Amino acid sequence: MSTEAANDLLLRALLRQPVPRTPVWMMRQAGRYLPEYLEIRGNAGSFMNLCTNPELACEVTLQPLRRFRLDAAILFSDILTVPDAMGLGLHFSAGEGPRFSRPVRTSADVEALPVVDPGEELRYVMDAVSLIRRELDGTVPLIGFSGSPWTVATYMVEGGGSKTHGRIKALAYDQPAVLHALLGKVADVTCAYLNAQVQAGAQALMIFDTWGSVLSPRLYREFSLDYMQRILDRLQRQSDGATVPVVLFTKGAGPRLAQMADTGCDALGVDWTTDMGEARRLTGDRVALQGNLDPSVLLAGPDVIRTEVAAVLESYGDGPGHVFNLGHGITPDVDPDHAAAMIDAVHELSPRYHGDV
């Protein structure tokens, strides 16, 4: 297994080092918009069968790299593997998304959660990481990831997805000690899980905080950002003599980007509701920025896609520290040729923002 990436643009950009063009990858780049993914998903029998089989997880991780000129692979897995390993009975219902058979609602439920060893209960993830790194053979870097403790806990308490997050927000207001105990346990497992991914071969890490924006500013700091900070403080940030960059992404973060930049992370994900130039101003060039094309742009034609890519590049402006991405995951209704149009536009239009590198 090669210890370096022949194309290391992503790693350099995340560390705000000069690059000849803006690197590009897509959240959910291995997914249902690709017919080859749908074929493997059908043969696997279930989404969890796909996630827990290292060979299949490796194959779907590599599929988009065969189609597109991407600058990174991201591990194919799910943010709910951690609570699944805690014994909550994760299953996916057609049309309903993820559900837990045994949600966490009381102090006794929290106390009963087992200590999870990622090298044991989540061994299938580490095996997938190792296999992907070997198959990539140094062509592009591999990104590992997890959910944020708050986002993972929302599913654990609600029992699945929720429009209002009423149960967990009630817990935050009425029984904060119980919620802190839960978040502490999830943070500890998540930190060990991410460190195990690095030891297995992940070269960058991303923490997805999908639901942090449903909290008020005070509660966001207390129940979301502070627990991402706890993880950051204990992450393995070096491997094989190289820095392992860490990206934090809170969907809908907006003005919270400034305090997120204070955590010591290397980069922040930015969704399409915040202008990249404004995000850069808020963070004072202290961190790299990743984003932020609206995924719905990919439902338009190639000319529109090119125009919108140009607008994102221009909004960030000159200099290092930009990783082009969607503002959230690519959606299943996107034509793969439209994703290719976006990627090709980044390749063509971004060098002018990087000078003579």
Side-chain angles (χ1 to χ4, degrees), residues 7 10 23-81 90-99 124-125 127-129 131-137 139-145 161 206 208 210 272 290-306 308-309 323-348:
N7 173 357
L10 173 87
V24 54
W25 68 279
M26 296 180 290
M27 288 185 275
R28 293 193 191 138
Q29 66 187 21
R32 289 176 290 165
Y33 73 106
L34 292 176
E36 56 266 41
Y37 169 86
L38 293 174
E39 180 179 356
I40 287 190
R41 167 67 177 80
N43 292 336
S46 73
F47 177 75
M48 285 306 294
N49 286 347
L50 194 54
C51 286
T52 57
N53 184 308
E55 288 76 21
L56 294 182
C58 175
E59 170 60 21
V60 295
T61 297
L62 298 178
Q63 283 177 341
L65 277 82
R66 298 187 187 119
R67 269 190 180 257
F68 310 122
R69 296 189 294 165
L70 293 160
D71 295 303
I74 183 166
L75 165 70
F76 180 82
S77 188
D78 193 88
I79 65 168
L80 299 183
T81 53
L90 176 64
H91 58 279
F92 288 79
S93 303
E96 295 184 11
R99 307 296 301 175
Y124 63 89
V125 177
D127 289 343
V129 170
L131 182 57
I132 295 163
R133 269 298 302 275
R134 186 169 73 242
E135 292 299 312
L136 285 172
D137 194 27
T139 52
V140 295
L142 173 61
I143 304 168
F145 74 92
M206 187 162 174
F208 288 88
T210 309
W272 67 94
Q290 178 175 276
N292 68 337
L293 189 73
D294 183 345
S296 296
V297 168
L298 299 186
L299 301 176
D303 289 344
V304 173
I305 292 169
R306 178 184 170 87
E308 294 299 322
V309 167
V323 172
F324 198 98
N325 208 314
L326 300 172
H328 202 242
I330 188 169
T331 55
D333 50 354
V334 168
D335 184 331
D337 288 343
H338 289 198
M342 178 196 76
I343 294 162
D344 290 345
V346 176
H347 278 258
E348 180 184 346

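Note that the structure is a prediction, hence the values are computed from the model and not measured.
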Inset, instruction - Could you list the residues that satisfy salt bridge (Lys or Arg N to Asp or Glu O under 4.0 Å) with E39, not counting sequence neighbours? - result: none
Inset, instruction - Would you name the heavy atoms of L56 and A44 that are closest together and state the gap between them? - result: CD1-CB, 4.0 Å
Inset, instruction - Sequence neighbours left out, what passes ring pair (Phe, Tyr, Trp, His ring centres under 6.0 Å) with Y37? Give chain and number order. - result: F76
Inset, instruction - Apply side chain to side chain donor-acceptor pair (under 3.5 Å) to Q290 and list each qualifying residue two or more places apart in sequence or on a separate chain. - result: W25
Legend entry - Nearest-0.5 Å distance, NE2 of residue H347 to CZ of residue F68: 11.5 Å
Could you pull out all donor-acceptor pairs under 3.5 Å where a side-chain atom in residues 291-304 meets a protein atom, sequence neighbours excluded?
residue: N292; atom: ND2; partner: D271; partner atom: O; Å: 3.0
residue: N292; atom: ND2; partner: T274; partner atom: O; Å: 2.6
residue: D294; atom: OD1; partner: S296; partner atom: N; Å: 3.0

Inset, instruction - Would you please name every residue forming a side chain to side chain donor-acceptor pair (under 3.5 Å) with R28, sequence neighbours left out? - result: none
Inset, instruction - State the NE2-OG distance between H91 and S46, to the nearest 0.5 angstrom. - result: 12.0 Å
Legend entry - Minimum side-chain heavy-atom gap I132-V129 below 4.5 Å: no
Inset, instruction - Among residues two or more places apart or on two chains, list those pairs meeting side chain to side chain donor-acceptor pair (under 3.5 Å) that have a residue in residues 51-63. - result: E59-R66
Inset, instruction - Evaluate side chain to side chain contact (heavy atoms under 4.5 Å, CB included) for L34 paired with Q29, printing each intermediate quantity in order. - result: CA-CA 9 Å; L34 292 176; Q29 66 187 21; over 6 Å; no
Legend entry - Qualifying side chain to side chain donor-acceptor pair (under 3.5 Å) pairs, either residue in residues 72-81, two or more places apart: T81-Y193
Inset, instruction - Give the intermediate values and the outcome of side chain to side chain contact (heavy atoms under 4.5 Å, CB included) for residues H328 and T210. - result: CA-CA 9 Å; H328 202 242; T210 309; 4.2 Å; yes
Legend entry - Non-hydrogen atoms of L90 and P98 that approach each other most closely: CD1-CB, 4.0 Å
Legend entry - Heavy-atom check, side chain of P64 versus side chain of M26, under 4.5 Å: no
Legend entry - Reported CG-to-CG distance for the pair L131 and L75, which is rounded to 0.5 angstrom: 11.0 Å
Inset, instruction - Determine which pairs satisfy salt bridge (Lys or Arg N to Asp or Glu O under 4.0 Å) with at least one residue from residues 332-346, sequence neighbours left out, and list them in order. - result: R69-D344
Legend entry - For F145, all residues meeting ring pair (Phe, Tyr, Trp, His ring centres under 6.0 Å), sequence neighbours excluded: F208
Legend entry - Atom pair OH (Y124) and CE (M48), whose distance is rounded to the nearest 0.5 Å: 4.5 Å
Inset, instruction - Give a yes or no answer on whether the side chain of D71 reaches the backbone of L10 with a donor-acceptor pair at less than 3.5 Å. - result: no
Legend entry - Pairwise salt bridge (Lys or Arg N to Asp or Glu O under 4.0 Å) hits with a residue in residues 40-54, at least two apart: none
